[in-house]
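Residue numbers start from 1 in every chain, and the chains themselves are labelled A, B, ... in the order their sequence lines are given, proteins ahead of strands.
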Amino acid sequence: MSFEKIKHLLLTVDKPARYIGGEFNAPKVKNNADCKFLMCFPDVYDVALSNLGIKILYHLLNEKKNVSCEFAFSPWFDMEKLMRENGVELYSLESKTPAKQFDIIGFSLQYELSYTNVLFMLDLANIPFRASERGEEFPLVIGGGPCAVNPHPISDFFDLFLIGDGEEVLPKLCDEYTKLKNNGTYRKSDFLKIVAGIEGVFVTSLNQESVKKAQVKDLDKTYFPTKVILPNLEVVHNRAVLEVFRGCAKGCRFCQAGFICRPMRFRKVDTLIDLASRVMSDIGYDEISLSSLSTCDYPHLKELLEKLKPIADEKKVNIALPSTRVDSFESEFIDGARKSSLTFAVEAGTQRLRDVIQKNITEENILLSCKKAFESGYSGVKLYFMIGLPTETEEDVKEIISLTKKIKWTYKQYATNKKSLRLTVSSSVFVPKPFTPFQREGQMHLEEVMKTQNYLKFELRKLGVKYSYHDAKSSQIEAILCRSGREMSNVIEDAYRSGCYFDAWTDKFHYDKWIEALKKNGLDPNELTRELKGELPWNNISVGVSQEFLENEREKAYKLREEQSESI
Amino acid sequence: MVIVKFEKVNMREFIPHLDIMRVFNMAFRRSGLKVNYSEGFNPHALFFFCQPLPLGVASRAEYFCVSTSETAEDVKNKLNENLPKGIKILKTKTVDGDPNFAANCGRADYVVEFDEVLPYFDLKNTILKKDEFLLTRIDKTGQRKTKNVRNSIFKLSQNENKLKMQLGYGNENLRADAMSKQILTNSATHSMVKLITKIKTYDKNGVDFDKKYFS
């Protein structure tokens, strides 16, 4: 086994525990399984094992008798070097089997900047990048996750994509594979033709005219793992996670997840209580997170918390509510919790712009929530904004400063905590995403973004407020990658070959190399981030919201701008 | 209080000390064994560990004490059902108070395995009969530091391509990985350490922890 070659050299790399496997709750590897599946995440161990999606599918597949599923993640630079120097190919964590020996390799595509890491992992596995170059001797390479809703930019690298929820389609796919393999008639092309008929499957070589996303109908009856694999190391999200519902009730017009995960599907309170109790006893974390796109919109949240709290208290487990929005702030619940910091995703400085993007919170909401929180002892506030939203003006940016001032003033008036206020403002850059009303919007020019960031930096420093912002350059590449078509595969490969990978890591991101790769292929970043006219590359994919609906929503957003400028 | 002897082998030596504490914390939670928590703003389970092992050193003789009213038997059996492969409880015993392993440990035995057959090291004449053994290491700021560690070397022997050593552990700590490297450097040997396993822990007078605390 080639891994043995480097075992005693593991101490030369950072965090060797990432590469050794043997995690608690990892199912036993079935050596004689008919279908060997390698679940890949194109980032490091610590990031990968924070993702709930891959853990659900991993355990789901392993519960099938004839399927064995193992994990593989991107090794960090030091480990890459060690592997290359010793001729060790990408291997599975559990049995240290080379990736090449698996039947199906699946990649979870959570963010566009991880695309080059898919190539990186194929490279380490000695598997050709392009589906057309992979003969029968190579595994099938498939992709899924939110980025798969526009699979075209990376479709040359994949045999097929699963679009939508994976819980029902992925096992079906493995079953088809097993069937053909067991009666000795498996051929890649035949298999691909057959599975192209399954809802949610996009076969890249067939380029179907219309593909509907797969959708789990009854989330309450859908598999959810409770004996979840436990990372060897502290990972990004070090807690048990329970998915309360899928979808989102709000229609924030910039938010892709809000549109592609529709409709809302809930788990019942009793199901959740049962899952939560099992999760707590099977895993042993001291925190359980009630996860969804907006947990406070769960219709039975109060009942759920009332039933869950005593069980969690007895086990000394904290309950965490992520993605809490301002308008649903639960002051009664936070009474018992640790009082540290409050996070508001305000997104835009003025009510006008918040109406345009349909972020339904008002300044009054925010200040009232702050007042309540400060009175009960909170001393930290984080505010998230987005720069470059459609119709944004100088006024909208200035208002970010005045809202910040108002929060400072509120703290002075109502704080019960003797600590001084810790106020943080963060800004990201608006990235137009497929399947949102803003999918066709142009992205703000780099220089303009940086100008705005500098303005905020200057003004907020005067107020003594900490300001952090997302890099404008990587947001531009993200916008290009998420909205382009098949022509982008060449650019992504060129970028990888020139040294781009781990692009999502700020200090590993090479903007100049990306621009070079675009230029080499005759593409201009400014051109690609302009307003999109005409046919959209992802028109053959349907995620359940119609293009008419999205255009309509866009019109509504623009109407708001006009109405309000008339009234001024 | 229950004192626990456990082993950390089978590549679990690559899991850092903090994560090992997390492993036990979670294993206790899973097993339903009740542990006493510290008072205060940030309550944490009361575990008292010995001197942490360096990353990459396996062990068959690790110790900790836990504040619990569960029986020693239960702690051993139920924990073992809830630990990852490679980490195993070997012995447990109920005691009245925390014996403070960290303050009492003084020496440890290590077995060092190498990837190639070793030349014969004249350990007796080059180290044991001398008053000085210099250990050079590069510290965090990148500076070379040399220190006489002879007082932390108690026993050394060679068995083909294995070294057995008894070194200071705790206050006068001497890391087995650093020591092995120095021996290789001094003899200009190119072979590499394959695995270091700690096999015994002693108190300051050289009494085996097993004998002192578990008999």
Crowding at CD, A:Glu63 (>12 non-hydrogen neighbours, <6.0 Å): yes

Derivation and outcome, side chain to side chain contact (heavy atoms under 4.5 Å, CB included), residues B:Asp115 and A:His8: CA-CA 9 Å; B:Asp115 61 343; A:His8 66 289; 4.3 Å; yes

Top contributor to chain B contacts, counting heavy-atom pairs under 4.5 Å, from A:Arg18, A:Lys15, A:Glu234: A:Glu234

Considering all heavy atoms, the nearest B:Arg12-A:Glu23 contact: NH1-N, 4.4 Å

Option in B:Lys85, B:Arg22, B:Glu13, B:Lys194 with maximal non-hydrogen atom pairs under 4.5 Å from chain A: B:Arg22

Min side-chain heavy-atom separation B:Ile15-A:Ile20 under 4.5 Å: yes

NZ/A:Lys227: more than 12 non-hydrogen atoms of other groups inside 6.0 Å: no

Which portion of A:Asp282 sits near chain B, non-hydrogen atoms under 4.5 angstrom: backbone

Over 12 foreign heavy atoms within 6.0 Å of CG, B:Asn171: no

Flag, side chain of B:Arg30 to backbone of A:Tyr285, donor-acceptor distance under 3.5 Å: no

Non-hydrogen atoms of B:Phe14 and A:Lys7 that approach each other most closely: CZ-O, 3.6 Å

Flag, side chain of B:Arg29 to backbone of A:Lys316, donor-acceptor distance under 3.5 Å: yes

More than 12 heavy atoms of other groups within 6.0 Å of B:Glu172 CD: no

Side-chain heavy atoms of B:Pro16 within contact of A:Leu233, under 4.5 Å: yes

B:Tyr37 versus chain A, the contacting section by heavy-atom distance below 4.5 Å: side chain

Interchain contact, A:Ile283 with chain B, by part (heavy-atom threshold 4.5 Å): both

Closest non-hydrogen atom pair between A:Gly22 and B:Pro84, with its separation: O-CB, 3.9 Å

Heavy atoms of other groups near A:Asp507 CG, more than 12 under 6.0 Å: yes

Heavy-atom proximity to chain B below 4.5 Å, by part of A:Asn25: neither

Atom NZ of A:Lys30 with >12 non-hydrogen neighbours under 6.0 angstrom: yes

When B:Asp177, B:Leu195, B:Leu83 are compared by non-hydrogen pairs under 4.5 Å with chain A, the top option: B:Leu83

Shortest non-hydrogen contact from A:Leu11 toward B:Leu55: CD2-O, 3.4 Å

From CA spacing to verdict: side chain to side chain contact (heavy atoms under 4.5 Å, CB included), B:Met26, A:Leu230: CA-CA 10 Å; B:Met26 295 178 81; A:Leu230 206 62; 3.5 Å; yes

Exercise: identify the closest heavy-atom pair between A:Leu9 and B:Met192: CD2-CE, 3.1 Å

Result of checking B:Ile87, B:Val23, B:Asn82 against A:Phe24 for side chain to side chain contact (heavy atoms under 4.5 Å, CB included): B:Asn82

A:Lys307, NZ: over 12 other non-hydrogen atoms inside 6.0 angstrom: yes

